[in-house]
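Remember, predicted model here, so these are calculated numbers, not experimental data. Just the heavy atoms: all of them, side chains too, but no hydrogens, waters or symmetry mates, feed the values below.
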Amino acid sequence: MTGYSKVNKNINDVFYTVEMKGVNHKYLNISFFLPYLFSSFEARSLPIVQSEIKRGSISIKIDIRGNFESSLVIPDLELAKSYFKAFKEIEREIGVELRLDLGQLLEIKDIFKMSLDIQTEDKIWEGFQTVLTEAIENYNKSREAEGEKLRVYLEDQMVSLDEIMKKMNTYESQNREKYKEMILQSLKDNFSEIQMDPQRIEQEVIMTIQRADIGEEISRVFVHMSRARELMKSKADVGSELDFIFQEIGREINTLSAKSKIPEVLSLVVESKTIVKKLREQVQNIE
């Protein structure tokens, strides 16, 4: 299931933005995108996210701004003096004035450093934890809303499959008679010159027809769907079991396809296979 949330909040003059996006995935993959200054927040945030979310490929974008930024940049004066001294030595060596200005000096790496004292970092972390928790709650709510839509979709498909199975069951006797007719015709065409006991032939035909009865598979489909509905009411992780059940329904329908001898049943089998395909596709989005 996909999920999304975005929380903007001002806590003690620190402005936080946390945006979460998630798509379906078999496992839990989390990617953080946050300012370098707060890179330590990733390790501290990971257990919080993992405790509330079990599956999905999730990206978490974080932005933190505030008045603390006014004292973040610290010049390394000794390093700046060293660079300046080196330029002057180059000038003397080559005999050319390099005319080093402040703009060029600012471009030199590591002259300016960003640093946050531990007390300020911990204070910002406290506010960030509050915002992250709210973002996770909203993310899960969005997934629950989508989950409800998915549940309704699955139920609608299962209702359609119910109707198809009921309709197919009405053709059970007709399908059986057609199968009997095909067997008798085959015996007539291939063994008409051979003397056989009519009563024995009738017994064999009846036994063969019983093996071709579609009622058994239809009954099992109804049992599987009953179990699927029970699972869909559960709060536990049921995605894998639902997938297995829909797979079993697909196998029963494949057997029905092999036993179908009249066009009405074959047509219903095709419809039911389409529905089972949809069910198995969508159940992949369920934990």
Side-chain angles (χ1 to χ4, degrees), residues 1-7 17-34 42 45-62 131-166 217-218 220-257 268-287:
M1 264 178 284
T2 59
Y4 178 81
S5 73
K6 185 175 183 178
V7 176
T17 299
V18 176
E19 183 179 24
M20 297 182 63
K21 296 179 182 179
V23 296
N24 186 52
H25 195 276
K26 188 176 182 180
Y27 304 106
L28 179 60
N29 292 329
I30 304 171
S31 300
F32 286 90
F33 302 90
L34 71 172
E42 178 173 345
S45 301
L46 193 59
I48 298 174
V49 179
Q50 290 174 328
S51 67
E52 299 295 332
I53 301 172
K54 303 305 179 185
R55 273 182 56 182
S57 180
I58 303 166
S59 68
I60 304 176
K61 294 183 180 179
I62 299 160
V131 178
L132 177 63
T133 300
E134 183 177 338
I136 293 172
E137 289 175 356
N138 292 345
Y139 174 84
N140 282 333
K141 286 178 182 177
S142 76
R143 294 176 72 246
E144 288 171 5
E146 184 182 346
E148 177 58 22
K149 292 179 182 178
L150 180 57
R151 186 196 66 78
V152 171
Y153 175 83
L154 293 177
E155 181 59 36
D156 287 344
Q157 295 299 319
M158 290 171 66
V159 168
S160 297
L161 189 57
D162 274 336
E163 295 302 316
I164 290 174
M165 291 296 112
K166 290 175 183 177
E217 284 72 27
I218 292 173
R220 283 200 290 264
V221 169
F222 283 127
V223 170
H224 287 317
M225 287 199 289
S226 177
R227 175 56 181 162
R229 288 187 170 98
E230 289 178 7
L231 290 173
M232 286 165 59
K233 295 176 183 178
S234 172
K235 298 296 183 181
D237 295 346
V238 297
S240 296
E241 188 172 352
L242 276 174
D243 185 32
F244 174 76
I245 288 173
F246 292 145
Q247 181 179 336
E248 289 301 301
I249 290 175
R251 288 175 179 169
E252 299 294 349
I253 291 172
N254 285 337
T255 303
L256 285 170
S257 178
L268 293 171
V269 164
V270 172
E271 289 183 44
S272 59
K273 283 186 175 183
T274 301
I275 291 175
V276 172
K277 182 180 179 181
K278 292 178 181 178
L279 289 170
R280 294 205 64 196
E281 286 175 351
Q282 293 302 318
V283 81
Q284 304 306 315
N285 294 315
I286 299 177
E287 291 184 0

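Atom CG in Asn29 sits 11.5 Å away from atom OG in Ser59 (nearest 0.5 Å). Atom-to-atom distance recorded for Gln247:CD and Leu279:CG is 13.0 Å, nearest 0.5 angstrom. With rounding to the nearest 0.5 angstrom, the CE atom of Met165 is 12.5 Å from the CZ atom of Arg220. Once rounded to the nearest 0.5 Å, the distance linking CG of Leu231 with CG of Leu154 reads 11.5 Å. Rounding to the nearest 0.5 Å gives a distance of 5.5 Å between OG of Ser272 and CD1 of Ile164. In this structure, OG1 on Thr2 lies 11.5 Å from CD1 on Ile58, to the nearest 0.5 angstrom.
Between Lys278 and Glu281 there is no salt bridge, since no side-chain N of the basic residue sits under 4.0 Å from a carboxylate O of the acidic one.
Annotation for Glu241 and Arg227: closest pair OE2-NH2, 3.0 Å, computed over non-hydrogen atoms. Minimum interatomic distance between Ser5 and Asn138 (heavy atoms only, all atoms of both residues): CB-CB, 3.6 Å. In plain terms, the two heavy atoms of Ala135 and Val18 that are nearest each other are CB-CG1, 3.7 Å. The minimum heavy-atom distance between Phe32 and Glu42, with the atom names listed, is CD1-CG, 3.3 Å. Considering every non-hydrogen atom in both Gly239 and Val283, the closest pair reads O-CG2, 4.0 Å. Val269 and Ser257 make their closest contact through CG1-CB, 3.6 Å (heavy atoms, listed as atom of the first residue, atom of the second, distance).
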>> Pair Gln282, Gln157 - check side chain to side chain contact (heavy atoms under 4.5 Å, CB included), show working.
In response: CA-CA 11 Å; Gln282 293 302 318; Gln157 295 299 319; over 6 Å; no
> Run the side chain to side chain contact (heavy atoms under 4.5 Å, CB included) check on Asn24 and Arg55 step by step: do they pass?
Replying inline: CA-CA 7 Å; Asn24 186 52; Arg55 273 182 56 182; 3.1 Å; yes
>> Could you walk me through whether Phe246 and Met158 satisfy the side chain to side chain contact (heavy atoms under 4.5 Å, CB included) test, starting with their C-alpha distance in whole Å, then the side-chain angles of each, then the deciding distance to 0.1 Å, before giving a yes or no?
In response: CA-CA 10 Å; Phe246 292 145; Met158 290 171 66; 4.3 Å; yes
> Step by step, would you call Ile53 with Ile30 a side chain to side chain contact (heavy atoms under 4.5 Å, CB included)?
Replying inline: CA-CA 10 Å; Ile53 301 172; Ile30 304 171; over 6 Å; no
> Checking salt bridge (charged side-chain N to carboxylate O under 4.0 Å, His left out) for the pair Glu146/Arg143: CA distance, chi angles, key distance, verdict?
Replying inline: CA-CA 5 Å; Glu146 184 182 346; Arg143 294 176 72 246; over 6 Å; no
> Do Glu148 and Arg151 pass the salt bridge (charged side-chain N to carboxylate O under 4.0 Å, His left out) test, and can you show the C-alpha distance, the side-chain angles, and the key distance before you say yes or no?
Replying inline: CA-CA 5 Å; Glu148 177 58 22; Arg151 186 196 66 78; 2.8 Å; yes
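In this structure, the side chains of Glu19 and Phe33 stay at 4.5 Å or more apart for every pair of heavy atoms. Here the side chains of Asp243 and Arg280 are in contact, with some heavy-atom distance below 4.5 Å. With contacts defined as side-chain heavy-atom distances shorter than 4.5 Å, the pair Arg229/Glu155 qualifies. Two residues are said to be in side-chain contact when any heavy atoms from C-beta on lie closer than 4.5 Å; Val238 and Met232 fail this criterion.
Between the side chain of Ser160 and the main chain of Asp156, a donor-acceptor pair closer than 3.5 Å is present. Ser57 contributes no side-chain N or O that, together with a main-chain N or O of His25, makes up a donor-acceptor pair within less than 3.5 Å.
The environment of OH in Tyr4 is crowded: more than 12 heavy-atom neighbours from other residues, nucleotides or ligands sit within 6.0 Å.
Applying side chain to side chain contact (heavy atoms under 4.5 Å, CB included) to Ile249 and the options Val276, Ile275, Val223 leaves one that passes, Val276.
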